[in-house]
K.L.:
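Mind looking over this structure? Questions follow.
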Amino acid sequence: MGERVRWSDDADDVIRGDLTAAAAYLTPARGAVVTAVAPCGIGQRDTGVLGFTTSLGFGKKLERIIPDPHVALAFHAREHGFSASPAFLLAQGTATVDLRPSRARLEALTPQVERYLGKVVRGPVWDRLLREYYGERVVVDIAVRRVAVWPDLGASGDMEVTGAPWPGPADPQPEPTNGTSPRADVAKAACRIATLPHRVLAYRGADGFPVVVPVQIAGHDRAGLRLVVADGLLPPGGRRAGLLTHAYRPQLVGLSTRIFTGWLEVREDAVVYAPHTSKGFVAPPSKNLLLTLNGLLAKFGLWQARRHGTAERLQRLAAEQAGGPVG
């Protein structure tokens with residue numbers, strides 16, 4: 001894979017400045033899923049590592065990342081952050097999941113998390129409500145192999161690459177057994193997307209890393225969503241792809257997210273995305289309501305994880321990947 005990457009000052013300004021990023025990972029069917037995360041500046045340029053935190057309540061994501069650690073972070077939106085750069089930045093690398101980060105590590109992250117998301121609330125009621133949300137976190141560390149930067153958020157213009165050279169275009173993929181046509185309501189998907197200004201698409205690149213690119217929606221028909229994307233960003237042919245559309249407010253107090261999986265077809269005359277699955281999340285624009293919701297969701301997610309043995313299953317997967325004892 002090569003050595004880790006030390007990115008430029010301009011790239012670091014984006015990475016340290018953005019409130020949110022699009023995290024992409026791969027599926028066993030060679031597709032890609034992309035979701036929004038708050039990286040909160042986790043990582044160090046000197047060691048070539050980026051990262052983000054998540055919860056055991058989202059075990060399916062971790063069950064994908066641990067067996068195939070090829071991941072990507074796309075820094076694609078400047079709102080409510082600390083950078084004024086116009087650039088679109090894609091960082092690709094291999095992930096290591098710290099399923100049991102020490103209390104010291106989590107506490108060390110608190111100051112930088114507060115910089116992006118606001119003060120951690122304390123008190124007898126809040127401490128009990130948010131115990132799982134704050135304390136039962138998982139850290140995903142990404143050893144960066146490549147950083148690609150485009151001069152604007154539409155990813156048009158010349159790309160600058162640091163680290164591993166950019167590979168050639170990915171080959172088309174075989175069509176799914178159940179066909180490529182939309183399985184989700186296209187009109188409903190277009191309606192939901194209309195109010196969400198940030199839109200990125202992810203697919204599996206030629207060297208196995210997810211590629212995340214910005215897209216716009218130009219309309220829809222029975223075949224799917226019509227996409228507009230800068231020249232050269234998408235390889236020709238058909239492939240499985242993930243689509244993220246979202247909107248967010250300062251400190252992520254109030255956000256709306258819609259995540260799709262589906263089939264992407266790139267032709268000379270059109271780029272069409274046929275959605276197969278769709279799920280979304282809306283958070284209220286009130287910090288107290290948001291924290292209450294997060295606390296309850298974290299409790300429920302952890303309860304489900306324990307009930308279904310998620311933690312033990314993830315530990316076994318991690319041990320198998322590391323070549324260690326599984327028991």
Side-chain angles (χ1 to χ4, degrees), residues 5 7-8 10-11 14-15 18 21-24 26 30-34 70-79 83 85-92 145-173 175 180 182 186 189-190 193-194 196-221 223-246 260-275:
V5 175
W7 46 90
S8 68
D10 290 342
V14 171
I15 290 169
D18 280 5
L26 302 174
R30 296 170 65 85
V33 177
V34 58
H70 295 77
V71 298
L73 285 178
F75 295 83
H76 64 291
R78 296 294 104 85
E79 284 91 338
S83 173
S85 170
F88 180 90
L89 186 149
L90 176 65
Q92 299 168 313
R145 305 303 185 192
R146 178 188 295 120
V147 174
V149 181
W150 288 263
D152 61 59
L153 289 171
S156 60
D158 294 333
M159 171 181 59
E160 294 186 4
V161 176
T162 304
W166 191 264
D171 293 332
Q173 294 179 340
E175 294 186 359
T180 63
V186 177
I193 289 171
L196 305 178
H198 302 296
R199 301 151 183 180
V200 293
L201 183 86
Y203 65 92
R204 188 183 190 276
D207 60 354
F209 287 105
V211 179
V212 184
V213 299
V215 299
Q216 294 300 324
I217 312 298
H220 68 278
D221 54 28
L225 302 169
R226 299 281 171 160
L227 305 185
V228 176
V229 59
D231 292 341
L233 295 185
L234 296 177
R239 68 198 67 253
R240 298 174 188 267
L243 177 66
L244 164 68
T245 65
H246 68 128
F260 300 89
T261 63
W263 183 260
L264 175 71
E265 192 73 38
V266 179
R267 306 190 300 264
E268 289 187 2
D269 61 337
V271 178
V272 181
Y273 184 76

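Sequence positions, counted from 1, serve as the residue numbers for this chain.
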K.L.:
Check whether Arg199 reaches the backbone of Ile193 with its side chain - one donor and one acceptor, N or O, closer than 3.5 Å.
P.N.:
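Between the backbone of Ile193 and the side chain of Arg199 there is a qualifying donor-acceptor contact (under 3.5 Å).
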
K.L.:
In Å, rounded to the nearest 0.5 Å, how long is the span from CD of Gln92 to CG of Asp207?
P.N.:
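Result: 6.0 Å between the selected atoms.
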
K.L.:
Can you tell me how far apart CG (Asp158) and CH2 (Trp150) are? Round to the nearest 0.5 Å.
P.N.:
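If I round to the nearest 0.5 Å, the distance is 11.5 Å.
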
K.L.:
Does a side-chain heavy-atom distance below 4.5 Å link Val212 with Leu244?
P.N.:
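When only atoms from C-beta onward are counted, Leu244 and Val212 do not touch, as no gap falls below 4.5 Å.
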
K.L.:
Side-chain contact, heavy-atom cut-off 4.5 Å: Leu227 with Val272?
P.N.:
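No - every pair of side-chain heavy atoms lies 4.5 Å or more apart.
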
K.L.:
If I compare all heavy atoms of Ala170 with all of Gly205, which pair ends up nearest, and what's the gap?
P.N.:
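For Ala170 versus Gly205, the nearest heavy atoms are CB-C, 3.9 Å.
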
K.L.:
So, using side chain to side chain donor-acceptor pair (under 3.5 Å) as the criterion, who are the partners of Asp10 when residues are at least two apart?
P.N.:
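Here no residue qualifies.
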
K.L.:
Which label fits His76 and His198: parallel for a plane angle under 30°, tilted from 30 to 60°, or perpendicular past 60°?
P.N.:
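His76 and His198: perpendicular rings.
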
K.L.:
I need the Thr261 OG1 to Tyr273 OH distance, nearest 0.5 Å.
P.N.:
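Taking OG1 in Thr261 and OH in Tyr273, the distance rounds to 5.5 Å.
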
K.L.:
Nearest 0.5 Å, what's the CZ-CZ distance between Arg78 and Phe88?
P.N.:
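Arg78 CZ to Phe88 CZ: 9.0 Å, rounded to 0.5 Å.
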
K.L.:
At their closest point, which heavy atom of Ala223 faces which heavy atom of Pro182, and how far apart are they?
P.N.:
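Distance-wise, the nearest heavy atoms are O-CG, 3.3 Å.
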
K.L.:
With heavy-atom distances below 4.5 Å as the criterion, would you say the side chains of Tyr203 and Arg240 are in contact?
P.N.:
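Answer no - side chains too far apart.
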
K.L.:
Looking at every non-hydrogen atom in both residues, tell me the closest pair between Leu90 and Ala74 and how far apart they are.
P.N.:
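Heavy atoms of Leu90 and Ala74 come nearest at CD1-CB, 4.2 Å.
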
K.L.:
Evaluate the side-chain proximity of Phe260 to Leu225: yes if any heavy-atom separation is below 4.5 Å, no if none is.
P.N.:
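No, every pair of side-chain atoms sits at 4.5 Å or beyond.
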
K.L.:
Enter the distance from Trp263:CH2 to Gln173:CD here, rounded to the nearest 0.5 Å.
P.N.:
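One finds 6.0 Å between CH2 of Trp263 and CD of Gln173.
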
K.L.:
Measuring only between side-chain heavy atoms, which start at C-beta, is Arg146 closer than 4.5 Å to Val161?
P.N.:
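Yes, close enough: below the 4.5 Å cut-off.
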
K.L.:
Measuring only between side-chain heavy atoms, which start at C-beta, is Asp171 closer than 4.5 Å to Arg239?
P.N.:
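No, too far: nothing below the 4.5 Å cut-off.
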
K.L.:
If every non-hydrogen atom of Ala206 is compared with every non-hydrogen atom of Pro167, which pair is closest and at what distance?
P.N.:
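Smallest interatomic distance, heavy atoms only, reads CB-CB, 4.1 Å.
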
K.L.:
To the closest 0.5 Å, what do you measure between CZ (Phe75) and OG (Ser85)?
P.N.:
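These two atoms lie 12.0 Å from each other.
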
K.L.:
Do Val271 and Val215 come close enough that some side-chain heavy atom pair is under 4.5 Å?
P.N.:
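Result no, sub-4.5 Å side-chain heavy-atom pair not found.
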
K.L.:
Heavy atoms, side chains only, cut-off 4.5 Å: are Leu234 and Leu264 in contact?
P.N.:
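In short, these two side chains touch, coming nearer than 4.5 Å.
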
K.L.:
Grab the two heavy atoms, one from Leu153 and one from Ala77, that are nearest each other, plus how far apart they are.
P.N.:
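So the two residues come closest at CD2-N, 4.3 Å.
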
K.L.:
Using every non-hydrogen atom in the two residues, find where Gly154 and Leu233 come nearest and quote the distance to one decimal.
P.N.:
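Shortest heavy-atom separation between Gly154 and Leu233 comes out as O-CD1, 4.3 Å.
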
